[in-house]
Amino acid sequence: MSQALAQIQDRIAAAEIRAGRPAGSVTLVAVSKTQPWEHIAPVLDAGQKVFGENRVQEAMERWGRHREGLELRLIGPLQTNKAREAVAFFDVIETLDREKLARVLADEIQRAGKAPRLYVQVNIGEEAQKAGIAPAEADAFIAACRGTYGLPVEGLMCIPPFDQDPAPHFAALRAIAARNGIEKLSMGMSDDFEIAIAEGATSVRVGSAIFGSRG
């Protein structure tokens with residue numbers, strides 16, 4: 001696992017150079033969801049500090065005793081009834097995708113007195129089975145999150161269609177971000193993160209290329 005991590009870090013560094021970007025400009029999010037602890041521990045021991053999880057309860061059980069010094073990101077869909085736990089536990093929530101969730105998160109952030117960094121998830125390929133705000137509605141949704149609900153939207157996240165060239169989808173997300181003064185882009189996974197870096201990703205979510213197939 002630690003060797004695989006080092007290889008991914010090398011590939012990210014090379015992709016940054018090819019894209020003419022500063023070293024260290026891309027954050028590696030190691031997707032630890034569903035992985036057994038014996039797979040995660042070597043990656044943690046090798047110095048990886050940023051991890052992505054899909055489910056609130058699973059993440060709390062996995063990381064509760066190991067939370068110190070890490071950045072944990074929720075990269076799976078967030079149900080409104082889990083918003084309180086998510087606000088309390090995660091540093092970043094990447095899956096803000098509907099107005100009801102924005103309203104609940106705003107209430108929970110005010111109640112808790114702390115705010116995770118928030119990314120809006122855009123359904124960039126407009127796929128019926130995927131979560132995310134439609135690209136045509138993204139500008140208005142971002143404005144509502146910021147203006148109506150006072151949410152500090154820091155970034156955008158997307159998952160392109162698996163059977164299409166991801167580059168145009170990454171470029172489309174970058175264009176939405178630019179229009180809205182957003183600097184952070186979470187895009188790219190094990191199979192396409194180098195393309196995402198070329199298109200401006202500031203973080204990439206890599207699971208299977210580090211840990212192997214999920215359990």
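Remember, it's a predicted structure, so these values are computed and weren't measured experimentally.
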Participant: Can you confirm whether P135 sits close enough to I176 that some side-chain heavy atom of one is under 4.5 Å from a side-chain heavy atom of the other?
Facilitator: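 Yes, close enough: below the 4.5 Å cut-off.
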Participant: Could you give the distance from CD1 (I12) to CZ (R21), rounded to the nearest 0.5 Å?
Facilitator: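 Between I12 CD1 and R21 CZ, I get 10.5 Å after rounding to 0.5 Å.
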Participant: CD of E85 to CD of E108: how many Å apart, nearest 0.5 Å?
Facilitator: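 With rounding to 0.5 Å, CD (E85) is 8.5 Å from CD (E108).
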Participant: State whether the side chain of T202 and the backbone N or O of L185 hold a donor-acceptor pair below 3.5 Å, judged by distance alone.
Facilitator: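 Yes.
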Participant: Taking salt bridge (charged side-chain N to carboxylate O under 4.0 Å, His left out) as the criterion, tell me which of R117, K49, R67 meets it with D91.
Facilitator: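 Only match with D91 under salt bridge (charged side-chain N to carboxylate O under 4.0 Å, His left out): R67.
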Participant: Any donor-acceptor pair under 3.5 Å linking the side chain of E16 with the backbone of G24?
Facilitator: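 It does hold such a pair.
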Participant: Atom CG of L101 and atom OH of Y149: how far apart are they, to the nearest 0.5 Å?
Facilitator: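 The OH atom of Y149 is 10.5 Å from CG of L101, to the nearest 0.5 Å.
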Participant: Look at E71 together with R73 and state whether they make a salt bridge at an N to O cut-off of under 4.0 Å.
Facilitator: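 R73 and E71: salt-bridged.
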Participant: Assess the residue pair K130 and Q121 against the criterion (side-chain contact (heavy atoms from CB on, under 4.5 Å)); give the C-alpha distance rounded to whole Å, side-chain angles, the decisive distance to 0.1 Å, and a yes or no.
Facilitator: CA-CA 10 Å; K130 280 185 182 168; Q121 182 173 357; 5.8 Å; no
Participant: Is a side-chain N or O of R174 found less than 3.5 angstrom from the main chain of E199, in a donor-acceptor match?
Facilitator: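 Yes: the side chain of R174 pairs with the backbone of E199.
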Participant: Kindly indicate, with the supporting measurements, whether the criterion side-chain contact (heavy atoms from CB on, under 4.5 Å) is fulfilled by D97 and N123.
Facilitator: CA-CA 9 Å; D97 63 351; N123 185 354; over 6 Å; no
Participant: Looking only at heavy atoms, what is the nearest atom pair of I40 and Q35, with distance?
Facilitator: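 Heavy atoms only, the tightest pair is CD1-O, 3.7 Å.
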Participant: Looking only at non-hydrogen atoms, find the nearest pair between P116 and P152 and report the distance.
Facilitator: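 Closest pair (atom of P116, atom of P152, distance): O-CG, 4.5 Å.
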Participant: Please check if atom CG in D191 has more than 12 non-hydrogen atoms from other residues, nucleotides or ligands closer than 6.0 Å.
Facilitator: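 No, not enclosed.
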Participant: Treating Ile, Leu, Val, Met, Phe, Trp and Tyr as nodes and any side-chain heavy-atom pair under 4.5 angstrom as an edge, say whether I182 and I93 lie in one connected cluster.
Facilitator: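 Linked within one cluster.
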Participant: If I compare all heavy atoms of I210 with all of A30, which pair ends up nearest, and what's the gap?
Facilitator: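 Answer, listing the atom of I210 first, then A30: CD1-CB, 4.1 Å.
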Participant: Please report the shortest heavy-atom distance between V122 and A138, naming the atom on each side.
Facilitator: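 So the two residues come closest at CG2-CB, 4.5 Å.
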Participant: Distance from E94 atom CD to I159 atom CD1, nearest 0.5 Å?
Facilitator: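 Between E94 CD and I159 CD1, I get 9.5 Å after rounding to 0.5 Å.
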Participant: Quick one: are N180 and L156 in side-chain contact, heavy atoms under 4.5 Å?
Facilitator: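 SC-SC contact between N180 and L156 ruled out.
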Participant: Are W37 and F89 connected in a single hydrophobic cluster, I mean Ile/Leu/Val/Met/Phe/Trp/Tyr linked by side-chain heavy atoms less than 4.5 Å apart?
Facilitator: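 Cluster IDs for F89 and W37 match.
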Participant: Within this structure, what is the CE-CG distance for the pair M157 and L118, rounded to the nearest 0.5 Å?
Facilitator: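 With rounding to 0.5 Å, CE (M157) is 12.5 Å from CG (L118).
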Participant: Quick one: do V43 and V29 end up in the same hydrophobic cluster if we chain Ile, Leu, Val, Met, Phe, Trp and Tyr together by side-chain heavy atoms under 4.5 Å apart?
Facilitator: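 No; tracing contacts between hydrophobic side chains, which count when under 4.5 Å, never links both residues.
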Participant: CZ of R55: more than 12 outside heavy atoms within 6.0 angstrom?
Facilitator: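 12 or below, so no.
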Participant: I'd like to know if E58 pairs up with K33 as an ion pair, taking the criterion as any Lys NZ or Arg NE/NH1/NH2 lying under 4.0 Å from an Asp or Glu carboxylate oxygen.
Facilitator: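 K33 and E58: not salt-bridged.
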Participant: If you group Ile, Leu, Val, Met, Phe, Trp and Tyr by side-chain heavy-atom gaps below 4.5 Å, do L5 and V204 land in one group?
Facilitator: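 The answer is yes; both residues are in one hydrophobic cluster.
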Participant: Under 4.0 Å between a side-chain nitrogen and a carboxylate oxygen: does that hold for D107 and R84?
Facilitator: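 No salt bridge links D107 with R84.
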Participant: Side chain to side chain contact (heavy atoms under 4.5 Å, CB included) with S190: which of I8, V206, V31?
Facilitator: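 So, applying the side chain to side chain contact (heavy atoms under 4.5 Å, CB included) to S190 and each of I8, V206, V31, only V206 qualifies.
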Participant: Counting neighbours of CD on Q3 that are heavy atoms of other residues, nucleotides or ligands and sit closer than 6.0 Å, is the number greater than 12?
Facilitator: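 Incorrect, the count does not exceed 12.
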Participant: Closer than 3.5 angstrom, by distance alone: can the side chain of Q7 be matched with the main-chain N or O of Q9 as a donor-acceptor pair?
Facilitator: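 No: the side chain of Q7 does not pair with the backbone of Q9.
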Participant: Are there over 12 heavy-atom neighbours, none belonging to K114, within less than 6.0 Å of that residue's NZ?
Facilitator: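 Atom NZ in K114 is crowded, with more than 12 foreign heavy atoms closer than 6.0 Å.
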Participant: Quick check: are there more than 12 heavy atoms from other residues, nucleotides or ligands sitting under 6.0 Å from CD of E127?
Facilitator: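 Correct, the count exceeds 12.
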Participant: Hey, is the main chain of A167 close enough, under 3.5 Å, to the side chain of D165 for a donor-acceptor pair?
Facilitator: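 Judged by distance alone, yes, a pair lies under 3.5 Å.
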Participant: In sequence, state the C-alpha distance, the side-chain angles, and the governing distance for I124 and F170, and then conclude on side-chain contact (heavy atoms from CB on, under 4.5 Å).
Facilitator: CA-CA 8 Å; I124 203 68; F170 293 148; over 6 Å; no
Participant: Is I197 reachable from L28 through a run of hydrophobic residues whose side-chain heavy atoms are each under 4.5 Å from the next?
Facilitator: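 Hydrophobic grouping puts L28 with I197.
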Participant: Mind listing the closest non-hydrogen atom pair of C145 and A102 along with its distance?
Facilitator: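 Shortest heavy-atom separation between C145 and A102 comes out as SG-CB, 4.1 Å.
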Participant: Main chain of T27, side chain of S203: is a donor-acceptor contact present, judged purely on distance under 3.5 Å?
Facilitator: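 No: the side chain of S203 does not pair with the backbone of T27.
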Participant: Could you measure the distance from the NE2 atom of H66 to the CG atom of L44? Nearest 0.5 Å is fine.
Facilitator: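 It is 8.0 Å, given to the nearest 0.5 Å.
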Participant: Would you say that more than 12 heavy atoms from the other residues, nucleotides or ligands in this model lie under 6.0 Å from the CD of E68, or not?
Facilitator: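 It does not: E68 CD has 12 such atoms or fewer within range.
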Participant: Indicate the atoms forming the closest heavy-atom contact of A115 with I109, along with that distance.
Facilitator: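 So the two residues come closest at CB-CG2, 3.6 Å.
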Participant: For a side-chain contact (heavy atoms from CB on, under 4.5 Å) check, start with the C-alpha distance between L105 and L78, then their side-chain angles and the critical distance, and finish with the verdict.
Facilitator: CA-CA 10 Å; L105 283 173; L78 177 57; 4.1 Å; yes
Participant: Heavy-atom distance under 4.5 Å between the side chains of E53 and W63, does that happen here?
Facilitator: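 Contact flag for E53/W63 side chains = yes.
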Participant: Between F193 and V26, is any pair of side-chain heavy atoms under 4.5 Å apart?
Facilitator: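 Not in contact.
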